[in-house]
Amino acid sequence: MTEPSRFFLTTAIDYPNSRPHIGTAFEKLGADVQARYRRMQGYAVFFLMGNDENTVKVAKRAAELGVEPKPYCDDMAEQFQEVWRALAISYDDFIQTSEARHHQGCQKFIQKVYDNGYIYKGNYEGWYCDGCESFKTEKDLDDNRRCPIHLTPAVRRVEPCHFFALSKFQDRLIRFYEENPDFIQPESRRNEVLNLVQTELRDVNITRSGQSWGIRVPFDPDFTIWVWFDALLNYITAIGYGTDEARFQKWWPAQLHVIGKDITRFHCAQWPAMCMAAGIEPPRRVFGHGFVYDKGGRKIGKSMDNVVEPMDLITKFSAEAFRFYFLRECPFPGDGEFSWERFVEVCNADLANNLGNLYSRVTRLLSQNYNCHLDDTAKLEPGEFYTDTDVETIVKQVQEHVEACEYSQALQRIWLKLLDPANQYLERTEPWKLVKTDKAAVKRILYDMVEQLRGVAILLKPFLPSMAETIYTSFNFRQSWDSVRYEDVWSHPRQTEDLRLVAELPDGKVKPLFMRIV
RNA sequence: CGCAGGGUGGAGCAGCCUGGUAGCUCGCAAGGCUCAUAACCUUGAGGUCGCCGGUUCAAAUCCGGCCCCUGCAACCA
């Protein structure tokens, strides 16, 4: 038996100056499906998430609340994780960039880059607002070059700082993209980054001065490390860079960074360059997902007034409904939309009316006519239904979509190719009528339908872990739920005993999988 | 002339790479069924596939031009 392939994946780390919103949750969901899918398929998975804490805004926010930054961050980290747990996000580790392991790793990294000659001292010149105590871009300022917050004119200011020699990596980056065509996904983002690297790759000021909160630059302690340089490093400090070399070697390079499309440039240009500068391998793949907008097309985010608390949705409906809506309705590579009306619509149509209802009608037919036990089915092969459904092809298509992070398409496939035909098949064969004249034929039909549910449960496992398990464990399938893989859907391992419905039947019926929202 | 994505029946999307009867979900109308969560199934109405031109026997699909919308444009992550 060979060592299982390792799969290290990460999400972007979040700013804890406000609570998580559905946009941030969307990203974690997408990564979670990937993590769950890879685990199912036998990979040794390490799924990392975290918070990005070494920023001035966090320190300011803490000051506003009259608390120290660290306890503030710890409290926020707990609040974030509360949401992630409620959504059944299966992360293996949660790093806070204020942790000692991160500080140590960061300092080691920046020192290494410095020793390798890719950091030099220089001056940064730009527009500075005294009120904000920070530099501003032209875009940040109004037409009269005034700070829109303080309404005072920005002044030209020159400040000593340290630069990371990003421009030196132009050729190496371009070669890297050529040698790794799958590095940037979806593919549409490739040109964007390529263009950026070819035309305007500039050295980056990676230090800030005059701040107490943050990570000290080891070779020049007057400075702290700029958040972006420090934030990206969470991907390696969490797995032991600078603190546990063996562990780091085990997991690095990351198989996949799941990020928002807006930070593609940092992950696709600056980050691999940083890795090269420190003499470590760049990550294998970066996936820039789309955003969730509200009905008016506005981005849902902390700065808008349209924040939807994930917890509201979870407590009002369920984590599974939450997961389903965003995974089914919002294309992960592209943008999606959220509205309460649509949420109810999608959940009712797909979860209650289709999947849930199919489960109810099949189990009911079983309990009512066969006392939950299908005699002499121990060695039965799937029958009629499977002859006109090429399950193997369907599963492979779903798999391709999942591996490409095209979750909405994967789910659509499952509904269109497996669930809809199942409902139609029941309609065509009318087992509730046929059972009066040909019980053996109906047995076969129900056997096939249960087989269909088994397949759907396995395919849905990464998406709806709880609902899928409920379906699967309603029957006495021989294979344990923990060990199922996608291949098992079409290989349909034989039963050794007769097929039985083993779910509890409170009123002679199974508990509905998903109640219609009214 | 910065870069990228998008403009397809009332709403939301797929199809475009690899041209050939325009598909899916919701909504709407009629019918069927009663195992099921008033769920399910069938049929129907509804589209100049942003605009103009080109290539072709044939274009939503390829090529050129134009219009509109949305992100990004590095020191805000």
Side-chain angles (χ1 to χ4, degrees), chain A residues 12-15 17 52 54-58 124 126-127 132 134-140 161 163 166 186-196 199-208 226-231 260-266 269-270 288 290-291 293 295 297-299 302-303 328-331 333-337 339 341-342 344-346 348-369 408-409 412 415-416 420 422-428 430-435 442 446 449 509-518:
Chain A
I13 51 177
D14 296 304
Y15 256 6
N17 49 357
D52 184 10
N54 298 318
T55 142
V56 197
K57 279 186 182 169
V58 168
Y124 179 76
W127 296 102
C132 299
S134 67
F135 282 100
K136 299 283 176 183
T137 57
E138 297 270 347
K139 193 183 71 175
D140 291 331
C161 68
F163 281 97
L166 181 58
E187 207 189 317
S188 58
R189 306 245 174 274
R190 261 181 81 80
N191 295 337
E192 194 179 331
V193 174
L194 215 57
N195 180 63
L196 165 86
T199 59
E200 46 175 344
L201 210 57
R202 286 184 231 152
D203 292 350
V204 188
N205 168 11
I206 54 164
T207 58
R208 294 292 182 271
W226 173 49
V227 249
W228 255 121
F229 199 85
D230 128 44
K261 63 179 181 181
D262 56 335
I263 53 177
T264 310
R265 54 178 50 215
F266 291 104
Q270 186 185 316
F291 292 131
Y293 295 91
K295 243 189 158 175
R298 294 180 310 163
K299 184 177 168 184
K302 34 205 165 196
S303 52
R328 170 66 187 87
E329 197 56 19
C330 305
D335 296 334
E337 191 183 279
S339 74
E341 298 78 20
R342 188 78 187 138
V344 170
E345 204 174 278
V346 168
N348 280 346
D350 287 348
L351 292 181
N353 298 352
N354 196 325
L355 173 62
N357 186 50
L358 178 69
Y359 170 76
S360 289
R361 61 199 306 208
V362 169
T363 52
R364 181 65 172 162
L365 284 164
L366 263 169
S367 65
Q368 210 164 31
N369 302 300
S408 62
Q409 301 213 48
Q412 184 178 27
W415 259 255
L416 210 61
D420 289 344
N423 271 317
Q424 288 159 9
Y425 182 70
L426 281 179
E427 222 59 43
R428 200 167 71 232
E430 299 183 307
W432 50 92
K433 274 185 190 166
L434 191 62
V435 75
V442 172
L446 292 182
M449 286 296 100
K509 298 177 178 185
V510 294
K511 189 166 163 267
L513 249 198
F514 184 90
M515 280 310 283
R516 213 181 138 74
I517 302 166
V518 284

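Please read all numbers here as calculations on a predicted model, not as lab measurements. So that the names make sense, note that chain A is the first sequence line, chain B the second, and so on, each numbered from 1.
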Using atom NZ of K57(A) as one end and atom P of C75(B) as the other, report the distance to the nearest whole Å. 13 Å

Taking only side-chain nitrogens and oxygens of N369(A), does any of them come within less than 4.0 Å of OP1 or OP2 of C35(B)? no

Spacing of Y425(A) atom OH relative to C33(B) atom C1', expressed in whole Å: 18 Å

Would you mind reading off the distance between D420(A) atom CG and U25(B) atom P, rounded to a whole angstrom? 6 Å

Base, sugar-phosphate or nothing for Y359(A)? Non-hydrogen atoms, less than 4.0 Å. nothing

Output yes when a side-chain donor or acceptor of D203(A) lies under 3.5 Å from a complementary backbone atom of L166(A), and no otherwise. yes

Partner nucleotide of C33(B) by Watson-Crick or wobble geometry (both distances under 3.5 Å): none

L196(A) vs P512(A), nearer the 5' end of RNA chain B by closest nucleotide: P512(A)

Pair partner, C28(B) [Watson-Crick or wobble, under 3.5 Å]: G44(B)

Within the 4.0 Å heavy-atom criterion, would you say N423(A) contacts the bases, only the backbone, or no part of the nucleic acid? sugar-phosphate

Classify A352(A) by what it touches in the nucleic acid, base, sugar-phosphate, or nothing, heavy-atom distance under 4.0 Å. base

Starting at CG of D262(A) and ending at C1' of U70(B), how long is that distance when rounded to a whole Å? 14 Å

Between R342(A) and E329(A), is there a salt bridge with N-O shorter than 4.0 Å? yes

Atom pair CG (L351(A)) and CZ (R516(A)), whose distance is rounded to the nearest 0.5 Å: 12.0 Å

Please find the pair of heavy atoms, one from P331(A) and one from S408(A), that lie closest to each other, and give the distance. CA-OG, 3.5 Å

Audit row: N353(A), N348(A), side chain to side chain donor-acceptor pair (under 3.5 Å) steps and yes/no: CA-CA 6 Å; N353(A) 298 352; N348(A) 280 346; over 6 Å; no

Side chain of F266(A) only, please: which of A77(B), C26(B), C24(B) is the nearest? A77(B)

Between the base of C75(B) and the side chain of R208(A), is there any donor-acceptor pair under 3.5 Å? yes

Take atom CZ of R342(A) and atom C1' of U25(B), then tell me their distance rounded to the nearest Å. 6 Å

Give the nucleotide from the list A77(B), U37(B), C75(B) with an atom nearest to the side chain of S360(A). U37(B)

Roughly how many Å is it from CG in L416(A) to C1' in U25(B), rounded to a whole number? 10 Å

Watson-Crick or G-U wobble partner of C57(B), both distances under 3.5 Å: G20(B)

Between NZ of K509(A) and C1' of A39(B) the distance, given in whole Å, is 11 Å

Using a 4.0 Å heavy-atom cut-off, does L201(A) contact any base of the nucleic acid, only the sugar-phosphate backbone, or nothing at all? base

Using both distances under 3.5 Å as the test, list the Watson-Crick or G-U wobble partner of G64(B), or none. C52(B)

Contact class for R364(A) vs. all strands (heavy atom < 4.0 Å): base, sugar-phosphate, or nothing? sugar-phosphate

5' priority, RNA chain B, between N354(A) and D350(A) [closest heavy atom]: D350(A)

Check: W226(A) main-chain N/O paired with D230(A) side-chain donor or acceptor under 3.5 Å: no

Could you please name the partner base of A14(B), counting Watson-Crick and G-U wobble pairs only when both distances are under 3.5 Å? none

Taking C33(B) as the reference, what is the distance to C49(B) when you measure between their C1' atoms (whole Å, please)? 37 Å

When you measure from the side chain of Q424(A), which nucleotide among C75(B), U37(B), U42(B) comes out closest? U42(B)

N or O in side chain of R361(A) less than 4.0 angstrom from A39(B) OP1/OP2: no

By the 4.0 Å heavy-atom rule, please label L513(A) as base, sugar-phosphate, or nothing. base

Heavy-atom closest contact (Y15(A) atom, T55(A) atom, distance): CE1-CG2, 3.3 Å

Any K433(A) side-chain N or O less than 4.0 Å from OP1/OP2 of U34(B): yes

Taking atom C1' in both G7(B) and G44(B), what distance in whole Å separates the two? 29 Å

Interatomic distance, F291(A) CZ vs U70(B) P [rounded to whole Å]: 16 Å

Taking a pair to mean Watson-Crick or G-U wobble geometry with both distances below 3.5 Å, G71(B) pairs with C3(B)

Distance check: side-chain N/O of W432(A) vs OP1/OP2 of C40(B), anything under 4.0 Å? no

Assign D52(A) to base, sugar-phosphate, or nothing according to its heavy-atom contacts below 4.0 angstrom with the strands shown. sugar-phosphate

